[in-house]
Amino acid sequence: QVQLVESGGGLVQAGGSLRLSCAASGFSLDYLIIGWFRQAPGKEREGISCISVTDDSTYYTDSVKGRFALSRDNAENAVYLQMNSLKSEDSAVYYCAALRSTHVAGCVGTIEAWGQGTRVTVSS
């Protein structure tokens, strides 16, 4: 059974940086995607960035391209989301998720597990 534990959220000023971590365990590598989703108050949860465990292909939604970077550490079974040039509109609860899919585009797939969420607040 897939288990995900997030960390790294917090309060940061606009223009600043944060790095979110997602420690994963209990999954097989077949067609597994690890992704970051976020949900702001009053908005739907959206997939913002995903990485394939099998080939390291990545996806970024347009609003974070060029500012966020996803990486994976095989030894630690962890996925990291480096967030730079943060804006107030990036404020949300960020969730790590494991998806079963054949591609990373759109972070679309069958959700195997969610993390507990970590809050990011960007002050302007």
Side-chain angles (χ1 to χ4, degrees):
Q1 185 175 358
V2 181
Q3 292 184 324
L4 304 168
V5 178
E6 302 120 332
S7 60
L11 174 64
V12 64
Q13 289 187 334
S17 298
L18 281 174
R19 190 176 83 150
L20 304 183
S21 300
C22 174
S25 62
F27 58 83
S28 69
L29 298 182
D30 295 336
Y31 304 111
L32 194 66
I33 310 293
I34 301 294
W36 286 95
F37 293 70
R38 68 185 180 188
Q39 187 166 21
K43 295 188 177 181
E44 293 186 356
R45 192 173 298 188
E46 60 169 338
I48 59 169
S49 185
C50 288
I51 186 167
S52 168
V53 171
T54 53
D55 64 12
D56 282 339
S57 57
T58 54
Y59 162 84
Y60 300 93
T61 196
D62 286 346
S63 61
V64 307
K65 278 181 183 176
R67 300 189 298 122
F68 291 11
L70 201 57
S71 60
R72 191 164 68 90
D73 185 325
N74 290 346
E76 296 293 328
N77 263 358
V79 172
Y80 305 100
L81 184 67
Q82 178 66 41
M83 306 187 296
N84 300 323
S85 302
L86 283 162
K87 306 175 182 179
S88 57
E89 52 263 44
D90 293 318
S91 295
V93 178
Y94 284 69
Y95 298 90
C96 178
L99 304 83
R100 201 158 297 279
S101 178
T102 57
H103 58 274
V104 294
C107 297
V108 176
T110 301
I111 301 292
E112 296 278 335
W114 289 102
Q116 80 282 5
T118 185
R119 184 174 298 278
V120 172
T121 303
V122 183
S123 63
S124 56

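Hydrogens, waters and symmetry mates are skipped; everything else that's a heavy atom, side chains included, is used.
- Legend: residues meeting side-chain hydrogen bond (donor to acceptor under 3.5 Å, both in side chains) with D56, ordered by chain and number and at least two apart, are R72.
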| said: Applying side chain to side chain contact (heavy atoms under 4.5 Å, CB included) to R38 and D90, what does each step give before you reach the verdict? | reply: CA-CA 9 Å; R38 68 185 180 188; D90 293 318; 2.9 Å; yes

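- The distance from the SG atom of C96 to the CG atom of L81 is 9.5 Å, given to the nearest 0.5 Å.
- Considering I33, V104, L70 in turn, V104 is the only one that fulfils the side chain to side chain contact (heavy atoms under 4.5 Å, CB included) rule with Y59.
- Once rounded to the nearest 0.5 Å, the distance linking CZ of R100 with CD of E112 reads 4.0 Å.
- No side-chain N or O of T61 forms a donor-acceptor pair with one of S63 less than 3.5 Å apart.
- Among all heavy-atom pairs drawn from S101 and G109, the shortest one is CB-CA, 4.0 Å.
- Between F68 and I48, the shortest heavy-atom contact is CE2-CD1, 4.0 Å.
- K65 has a carboxylate O that lies under 4.0 Å from a charged side-chain N of D62, or vice versa, which qualifies the two as a salt bridge.
- To the nearest 0.5 angstrom, Y94 atom OH is 5.0 Å from M83 atom CE.
- When all heavy atoms are compared, the tightest approach of S49 to C107 is C-SG, 3.5 Å.
- For the atom pair OG of S21 and CG of D73, the computed distance is 10.0 Å after rounding to the nearest 0.5 Å.
- Contact between V53 and I34 at its shortest, heavy atoms only, is CG2-CG1, 3.8 Å.
- Looking at every heavy atom in both residues, R67 comes nearest to L86 through NH1-CA, 3.9 Å.
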Atom pairs and distances, side-chain donor-acceptor, residues 116-124, under 3.5 Å, sequence neighbours left out:
| residue | atom | partner | partner atom | Å |
| --- | --- | --- | --- | --- |
| Q116 | OE1 | E6 | N | 3.4 |
| Q116 | NE2 | E6 | O | 3.1 |
| T118 | OG1 | G9 | N | 3.1 |

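- By the side-chain hydrogen bond (donor to acceptor under 3.5 Å, both in side chains) test, S7 pairs with no residue at all, sequence neighbours left out.
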| Candidate pair S17 and Q82, rule side chain to side chain contact (heavy atoms under 4.5 Å, CB included), full reasoning | CA-CA 7 Å; S17 298; Q82 178 66 41; 3.8 Å; yes

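- Taken from OG in S91 to CD in E89, the straight-line distance is 8.5 Å, to the nearest 0.5 Å.
- Under the 4.5 Å side-chain heavy-atom criterion for grouping Ile, Leu, Val, Met, Phe, Trp and Tyr, L99 is not connected to V108 through any hydrophobic cluster.
- Within the 4.5 Å cutoff, the side chain of C50 has no heavy atoms near those of the W36 side chain.
- If you chain together hydrophobic residues whose side chains sit under 4.5 Å apart, I51 and Y80 never meet in one group.
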